Amino acid sequence: RFKINPTVSVNLPLELVHNILLYAAESSTSTCYTLCEVSTWVRRFALPLLYTTVSIECPSSLEKFMDLVASERMTCPPTPAFRLADTVHNLCVPVDSRIFETIMRHCNNVTHLAIHQSNLMRLIDSTTPKRFVPELPARQSRCRRRQTKAHEGTGDLQILLLYTDRDWSLSSIFKDVGHSLFERITHLRLEDPIEASQLSAKVHLRHMPRLTHFAVPCSDTTASSFWGVLDVVENTSVEVYVLILMHEHLDKGKRRTVEDWVCGSRTEESRIYAVRAQHINDEMEWEAEVRGDATVWERAVEYTQALMSRA
C-alpha cells in the first residue's frame, strides 16, 4: 500500500507554482478568496483577480460593493497604488438599482456587462454631455454649479441586456445628441425575444456605429420576422447576427424551421447564425463565458457550420 512520507517535499519551479495558483484563482471567486488568505505573496497576485468578475443580485451586497470600489484605501494592498475598482472587468447586476451608476463611475475598466435594462438607461444618462448639478449654496451670492463625475471608461463594451420587457425601448434617448456609450458597444445580446420588425424602433442598432455582434432569442418563425432579420443585417454595422434557439420559446418543429431558414439565407447572407442556448439561466452562461468558456459567438459559428454540413 502506498504511503506518503511527510518528510519528503516536492520542489516545483516557482513559475509553475505561480501558473497553477493563477489558474485556480481564475476558476472561481471562492477559490480566489481562499488563495488571498494563504500568504502575502499569493495574495499579491490573487487579490487583483478576486474582483475581476463580479455578480451581485442582493441589493445590500451591491451597497457593500459600492463602498469597496469607492474606497481609496484598503487593508494590505498588493501594491501602494492598488485600486480595487480598477480590477473590475466583468460586472453582472441583474437587479434594478439606483446605485449602479455610482459603481460605474469608479469602475472604468469594465469590458463585459450583464445588466438590468434600467441600469443601461442610467449608464446612458451618466454619459450624456453637460450634466451639471447645482450645489446647495450657503448664501445666494455664493451659489455655484459643479459638474457631476460620470463614468469615464473608453474601452470596448460587450453587453448582455436583462429583463427587456415589451414596453422597454431606447427610443426616448435618441432625441438628444449621440451618446459616447453607444460608440463603445461592440457586442450586444438581449435576454428576451423581440420581433425583428421592432428592432429598429426599440433598440436603434443604427446608432451603435461599432456594433459588430448582435444576438437575440428567436420566438417568431413568420416570414415577416425573417425579413426583419435581413433588414437589420443589411442596414447596420452588424457582422454576426445570432438567433438563439431556446426551448421555452420554440418547439422542435419551429426550431427546425429557423435552422432551415438560416441555412437557406446564408447562401446570400453569411452574417446570419443560429445557436442553441447552453444554460437555462443567461446570467450563468454569461459568467461561464467571461471565465473562459466558449462564447455564444464562437458556439454560433460552430453550430451553424454543423447545420450547413448537414443541409
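Treat the numbers as computed from the prediction; the structure is a model and nothing was measured.
- Heavy-atom minimum distance, R83 versus V69: NH2-O, 4.3 Å.
- Applying the 6.0 Å contact sphere to CZ of R98 captures no more than 12 heavy atoms from other residues, nucleotides or ligands.
- Paired with L211 under the rule side chain to side chain contact (heavy atoms under 4.5 Å, CB included), one option of L188, T186, I159, T236 passes, and it is L188.
- Within the model, atoms CD of E183 and NE2 of H207 stand 12.5 Å from one another, a figure rounded to the nearest 0.5 Å.
- At least one donor-acceptor pair closer than 3.5 Å links the side chain of N119 to the backbone N or O of V95.
- In this structure, L22 and L49 have side chains that are in contact, with non-hydrogen atoms separated by less than 4.5 Å.
- Between the side chains of S225 and T222, no donor-acceptor pair of N or O atoms lies under 3.5 Å.
- Listed here is the closest heavy atom pair of A46 and C32: O-SG, 3.2 Å.
- Shortest non-hydrogen contact noted between T304 and V262 is CG2-CG1, 4.3 Å.
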Begin from the C-alpha positions of R299 and V296 and carry the test side chain to side chain contact (heavy atoms under 4.5 Å, CB included) through to its verdict.
CA-CA 5 Å; R299 292 188 291 105; V296 65; 3.8 Å; yes
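- Taking 4.5 Å as the limit, some side-chain heavy atom of H116 sits within range of a side-chain heavy atom of Y163.
- In this structure, CD1 in I56 is found 7.0 Å from CG in L91, a value given to the nearest 0.5 Å.
- Contact annotation: the side chain of L230 approaches that of I272 to within less than 4.5 Å [non-hydrogen atoms, C-beta and beyond].
- V110 approaches L157 most closely through the heavy-atom pair O-CD2, 3.5 Å.
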I would like to know whether V88 and M104 meet side chain to side chain contact (heavy atoms under 4.5 Å, CB included); could you show each step before the answer?
CA-CA 10 Å; V88 181; M104 288 299 293; over 6 Å; no
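- Note on R310 versus E259: no salt bridge recorded, every NZ/NE/NH1/NH2 to OD/OE distance being 4.0 Å or above.
- Cluster annotation: M284 and L113 are assigned to distinct hydrophobic clusters (Ile/Leu/Val/Met/Phe/Trp/Tyr, side-chain heavy-atom contacts under 4.5 Å, transitive).
- Contacts classified as ring pair (Phe, Tyr, Trp, His ring centres under 6.0 Å) and involving residues 280-299 (residues at least two apart or in different chains) are given here: H187-W297, H213-W297.
- Y303 places none of its side-chain heavy atoms less than 4.5 Å from the side chain of V242.
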Could you go step by step and tell me if L62 and I103 meet the side chain to side chain contact (heavy atoms under 4.5 Å, CB included) rule?
CA-CA 9 Å; L62 200 60; I103 292 173; 3.7 Å; yes
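- Cation-pi contact between R266 and Y273: present, with separation from the ring centre below 6.0 Å and deviation from the ring axis of at most 45°.
- Using a distance-only test at 3.5 Å, with no hydrogens or angles considered, a donor-acceptor pair links the side chain of T267 to the main chain of G264.
- The structure places CZ of R255 at 14.0 Å from CG of L243, a figure rounded to the nearest 0.5 Å.
- Between R271 and V238 there is no side-chain heavy-atom pair separated by less than 4.5 Å.
- Considering only heavy atoms from C-beta on, T257 stays 4.5 Å or farther from D260 through its side chain.
- T102 OG1 to F100 CZ: the interatomic distance, rounded to the nearest 0.5 Å, is 10.5 Å.
- Contact annotation: the side chain of R189 approaches that of I244 to within less than 4.5 Å [non-hydrogen atoms, C-beta and beyond].
- Looking at heavy atoms from C-beta onward, L250 lies in side-chain contact with C218 at the 4.5 angstrom threshold.
- Note on I20: it does not cluster hydrophobically with Y23, by side-chain heavy-atom contacts below 4.5 Å among ILVMFWY residues.
- Within 6.0 Å of CD in E248 there are more than 12 heavy atoms belonging to other residues, nucleotides or ligands.
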Derivation and outcome, side chain to side chain contact (heavy atoms under 4.5 Å, CB included), residues V216 and Y241
CA-CA 8 Å; V216 61; Y241 189 118; 3.8 Å; yes
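- In this structure, Y51 has no side-chain hydrogen bond (donor to acceptor under 3.5 Å, both in side chains) partners at least two apart in sequence or on a different chain.
- Neither side chain, R276 nor H247, offers a donor N or O lying under 3.5 Å from an acceptor on the other.
- To the nearest 0.5 Å, atom CZ of residue F65 and atom OG of residue S55 are 10.5 Å apart.
- The minimum heavy-atom distance between E298 and T295, with the atom names listed, is OE1-N, 2.9 Å.
- For T111, the side chain to side chain contact (heavy atoms under 4.5 Å, CB included) partners at least two apart in sequence or on another chain are H89, N90.
- Within 6.0 Å of the CD atom in E269, the count of heavy atoms belonging to other residues, nucleotides or ligands exceeds 12.
- By the neighbour-count criterion of 12 heavy atoms within 6.0 Å, atom CZ of R291 is densely surrounded, having more than that number from other residues, nucleotides or ligands.
- The CD atom of E57 sits 13.0 Å away from the OG atom of S97 when rounded to the nearest 0.5 Å.
- Residues P48 and R44 come closest through the heavy atom pair CD-O, 3.4 Å.
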